[in-house]
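A, B, ... follow the sequence lines: proteins, then strands. Residue 1 opens every chain.
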Amino acid sequence: MNAVEIEEAVSDLARQPFDPQEFAFSFLEAFGNKPTTIKRLREGNTNKSTIVGGVLQRNNIHIVVSENGKVEEALTLLRETPETRKSKAQFILATDGQDFQAENIISGETLVCKYQDFHEYFSFFLELAGISTVKQIRESAFDIKATGRLNKLYIELLQHNPEWATAERRPDMNHFLARLIFCFFAEDTGIFQGEGLFTLTVQQMSMSDASDTHEIISEMFRAMDTKLKDREKNNIKAWANKFPYVNGELFSGSTDVPKFTKIARSYLIHVGNLDWKKINPDIFGSMIQAVADDEERGMLGMHYTSVPNILKVLNPLFLDDLREHLEQAGDNARKLLNLRRRMARIRVFDPACGSGNFLVIAYKQIREIEYEINKRRGEKNLSSEIPLTNFRGIELRDFSSEIARLALIIAEYQCDVLYRGNQLALAEFLPLDAENWITKGNALRINWLSVCPPTGTGVKLHGDDLFSSPLDQAEIDFDNEGGETFICGNPPYAGSSKQNTNQKSDLKDLFDPHNIRFKNLDYISGWFWLASKFYEQTDGAYAFVTTNSICQGEQVNILWPHILSNNQEIGFAHTAFKWSNLAQNNAGVTCVIVGVRISSSADKFLYFEDSRKNVRHINPYLIDYRDVFIPRYSNSISNLPKMLKGNQPTDGGNLILSSEEKRELEEISPDSREFIRPLFGAKELIDGSKRYCLWIEDDKLQKARMIPQIKNRIKLVKQARLKSSAKSTQNKAGLSHRFIQIQGYGRLSLVMPEVSSEKREYLTGELLGANCISTNKLFTVYDPEIYLFSVCSSKLHKTWIETVCGKLEERISYSNVLGYNTFPLPKLTEKNKKDLTECAEEILIARERHFPATIADLYDPKKMPKDLKQAHERNDEVLERIYIGRRFRNDTERLEKLFELYTQMTNHLKKV
DNA sequence: AATCCGACAATTC
DNA sequence: GAATTGTCGGATT
C-alpha cells in the first residue's frame, strides 16, 4: 500500500463506529497488514501481548483498548510492560473510543487527540506500513490526503464525462482541476471573503442530485474572470458576485465544467473541506501529478526530485553565493540593496520543470534571503521585489505545467504571509499576474532563448508556437539589465536503447547537424547541449541532476568535448548517489549532479555524500584531473594480446542447460554428451554456480538433430529469435543450433567478468581450461601468457577500469575497447614478465588453497584470506615498481600516472 | 562483426 | 522487503 491508500483506509476506519473488540485488528489492516497476518494475530499465535485485550505485533506496535477514561493509564501500562520492549515494538497505542494516545518509542514523539481525529495523524504511524518516515513525509500528510481525494474526484469525473478523457479535452480537464485547487486554497486562506466560500456555495446552491453542479461552478468561474465593474453588464448572478476577480489566465477561456454525478459532488465537497492552508507547494505538485498522469498513477511521483536533492543543485549553483554576499554585506544598507537588486534580476529556468519543484524551492530560498535583507535594512513590510515571472519553466505534460504555475502562485502567497503578514499578503494577491512563464511543450524543440531571453523583454511562447526558429540576434539586447539566468532541473533520462522514436528524433535534430554521434547518448544529453548553447549568449551557469552514465564510459568522449570546448567548464559536481525520494518504488538509477559555467577562476567544488572538496579542476569523469577523453580503441595501446567478448547466445534460454537439465538430457540420451559443454558467465565465475550449453558444430548438426530433445530446443531457439524486435536476431533464426555470436572457444583462456560488484578490492579475473565456453558476460583472451593475469588482477588495472569504463549503477563494468585496450602499461622486459608470472601463480595458488571457496567468498572485503591478500599486495608491488620504482600511495596517484602515461602513449600512436 | 548499456532486474538475506 | 550484485539481448557502430 502506498501512503495515499493508507490514508484512505485509516479515514474509513475512523468514520466507522468504534468497536473495542475489532479496533486493533482494523487499525493494523488499515496500515497494510495482510489478512493472514491479522488472522494469526487474532488467533494469538503471533500476538505477544500479556495485557488483557492487548495486541502486540513484533517489531511494530502494542495496542490496547482501555476502559472509558483510562487511556492515560493504559498507555503508561503499555510503556512499562516488559513485552513491549522484548518484542521491540516501535509504537504503543491506547484508546477508549473517546481519547486516543500513542507514542513512538524510538523517537519519543507522542500523539494525543480525540478518537474521531486520529486519522488526521495517520502519518505518525507510517513506519508500520514499512514507509520510512523521513521527516518530510510527515510534513506532507496533507498533500497525501489531498492527492487521494482529488484522485477519486478526477477518476469519477472522467468516467462520467468520457469526452473529457480524450487527448483533445484532457487539457480542459486539467485546467479545470487547477482551477478547483486554486479555489480550495483561496477559500481557506482568506483570499476569498468567507471561510470555505467556494465549497459552501457548491453545497448550498447546487441540487443534491448534482444535476446542476457544473452550472453553479461554471458561474463562479465566470465571475472570477470578470472585473467587478463589468459584472452587472455580464449578468453575473448575485450569489457568484461574492467571488473576487482572479483571472491571471487561470480563469480566462472556456468556463466549461464537466458534469457531476452525485458521488462526484460529494467527493468535491469532501476535498473542499480539507484544510488547504496546509498545502506544501514543494511536494504537492509532484504528488498531484500522479492524479492526472495515467503512467504515473500508482507510482506517486516516482520521478520528482526530493527537496534535499534540489538543494544539492541550487545551493552550489547560486544560492551559496547569494548567502555569502549577504554575509559580507553585514548591515551595510548600500551593499544589501545591491544584493537585492541583483536578486530581483536573477532568472531561474527549469527546462524540464514537471510540477515546478525546483522553481518553487528556488523562489522560496530567494525570498528568505530577501527577507533577511529587508530586515537588516529595516524594511520588513516592503513588498517583494522578486518577480514570480523570473521563475520559468518548460514542461511537456499538460497537467504538470498547470500545476507548476499554480504551485508558484501558492508559494508566492505563502511567502508573503510568512514574511509580511496575512493582511499585506491578501491586499496585493489579486488579481493574478496574467503572465504565465511556464511553457507547455517539448524542451528539446523549443528555443530556450525565447522562453528565457537574456533581456527579459522577449515574447512568451504558447504550446502551438513550439517549432519556432531561433530568435534573430537583433531581437536580443545583450546590454540590457545584465541579469543572470540559472538553468536547473532534473530532465528525463533514457538510455540509448530505451528511447522511443520521438526521443531519438529529438536528439537527431539537435546533434546530427554537428556530427555528434547522438545514437549512443542518453536522452538527457539534449538538455546539457541546449544549456551549453544557451550560455554562448548570456551570463550564468547551469546544473542538472542526471543519470551518472553521461559521465562514464563512451558517452564522455561523445558529449563532453563539445560542451567544454565552448569556453565552459564544470564548476561543481556531486558524485554518484542513489536516486531516492518518498515514492514507495524508487526509480533504480544512480545520479550525479553536474554544474557547468563559463570558465572562471572561481573555486571549484567536488561534493561527496557528506563532504566537499575544493579542487583544481573537474573533468567529465568527475575527478580532479585535467580533461581527458578516452575513446574506444580496437587494439591495445600497450600491445597486449587481443581481448574478445565471449559468445552471446540470444537463444531465449534454450541452448543453456542447468545442472539438472544436463543430467536429465544425458540420462535420456547419452549421445548428447558430445554436444554439452560447461558455460561461464560472470555469475558462474564469481559464485561458482554451474551451467552448461549445447554447443553444436555445423558439421555435427545432422547428428545432434537425431536427439529429439536437442531438436526441440533448436526449434525453440528459432521461435525465440523470430519473436525478437531486432532484425539482426531474426536473420540468425536459421542458425538456431548455435549461439548468435561465436568469438572463440576450446583453449585456455583468461576471462574478466563484464559486470561485477564494486565492493571487492580487485577485479576477479580467472583462467578457464579447455572446453569451457564463455558467454558475452565475460571478456576473454585466448591462450594468454600468464603475466597478463597479473596485470588484469592489479589494483592499477581496477582503478583504470573503474574510472574510464561505464557502470551499471555503481557496479564496475569491464570493457575491452574502452578499458583494456586503453590501459597504459610500460614496455615489459622478459624479467618483468617472469616476475609478474610468479605473482600471478601465487594468487592462483592462494585461491586454490581455499578450495572450494568461491571467488565471491574469497574476495568478500570483510573475509579476504590473508595469504590471498598478500599475494595481491605482492602482485601490486611488483607491477607498480615497473611504473614508478615504488608503490603508489593511493588511487589518486595511480590515476594521475595512468592518465599521464595514456596521454604519452596515445600521442605517440597518433604520430605513427 | 562486436560491444555498451540499462529512471534495471532477479536473487538473496 | 531491502540489500546485493550481475542476466540478457537490443541497438548501434
Relative to the ring of A:Y902, is the ring of A:W800 parallel (under 30°), tilted (30 to 60°) or perpendicular (over 60°)?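 Tilted, since the angle between the ring planes falls between 30° and 60°.
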Tell me, what's DNA chain C's dot-bracket, Watson-Crick or G-U with both distances under 3.5 Å, | for other-strand, [ ] crossing? ||||||.||||||
Taking any heavy-atom pair under 4.0 Å as a contact, classify [X]: base, sugar-phosphate, or nothing.
{"X": "A:T590", "answer": "nothing"}
{"X": "A:P492", "answer": "base"}
{"X": "A:R721", "answer": "nothing"}
{"X": "A:K578", "answer": "nothing"}
{"X": "A:I686", "answer": "sugar-phosphate"}

Closest to the A:K759 side chain: B:dA7, C:dT12, C:dT5?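 Nearest listed nucleotide: C:dT5.
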Among B:dC8, C:dG9, C:dA11, which nucleotide sits nearest the side chain of A:T650?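 Among the listed nucleotides, the one closest to the side chain of A:T650 is C:dG9.
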Return the set of residues passing side chain to side chain contact (heavy atoms under 4.5 Å, CB included) with [X] (not counting sequence neighbours), or none when no residue passes.
{"X": "A:L396", "value": "A:N442"}
{"X": "A:S401", "value": "A:E395, A:I438, A:K440"}
{"X": "A:R517", "value": "A:N520, A:E554, A:I558"}
{"X": "A:S638", "value": "A:S636, A:L640, A:L825, A:M905"}

Excluding sequence neighbours, so at least two apart, what forms ring-ring contact (aromatic ring centres under 6.0 Å, His included) with A:Y820?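 Here no residue qualifies.
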Listed pairs, N/O of protein and of nucleotides 3-6 of chain B, under 3.5 Å:
| unit_1 | atom_1 | unit_2 | atom_2 | d |
| --- | --- | --- | --- | --- |
| B:dT3 | OP1 | A:N816 | ND2 | 2.8 |
| B:dT3 | OP2 | A:K645 | N | 3.4 |
| B:dC4 | OP1 | A:S815 | OG | 2.9 |
| B:dC4 | OP2 | A:S815 | OG | 2.8 |
| B:dC5 | OP1 | A:E554 | N | 3.2 |
| B:dC5 | N4 | A:E754 | OE2 | 2.9 |
| B:dG6 | OP1 | A:S549 | OG | 2.7 |
| B:dG6 | OP2 | A:K807 | O | 3.3 |

Looking at residues at least two apart in the chain, or sitting in another chain, which of them share a side-chain hydrogen bond (donor to acceptor under 3.5 Å, both in side chains) with A:K718?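 Listed in chain order: nothing, the list is empty.
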Residues which pass side-chain hydrogen bond (donor to acceptor under 3.5 Å, both in side chains) with A:S659, listed by chain and number, not counting sequence neighbours: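 Scan of A:S659 (side-chain hydrogen bond (donor to acceptor under 3.5 Å, both in side chains), adjacent residues dropped) gives none.
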No-H, no-angle donor-acceptor pair, A:N490 side chain to B:dA7 base, under 3.5 Å: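 Side chain to base: pair found, below 3.5 Å.
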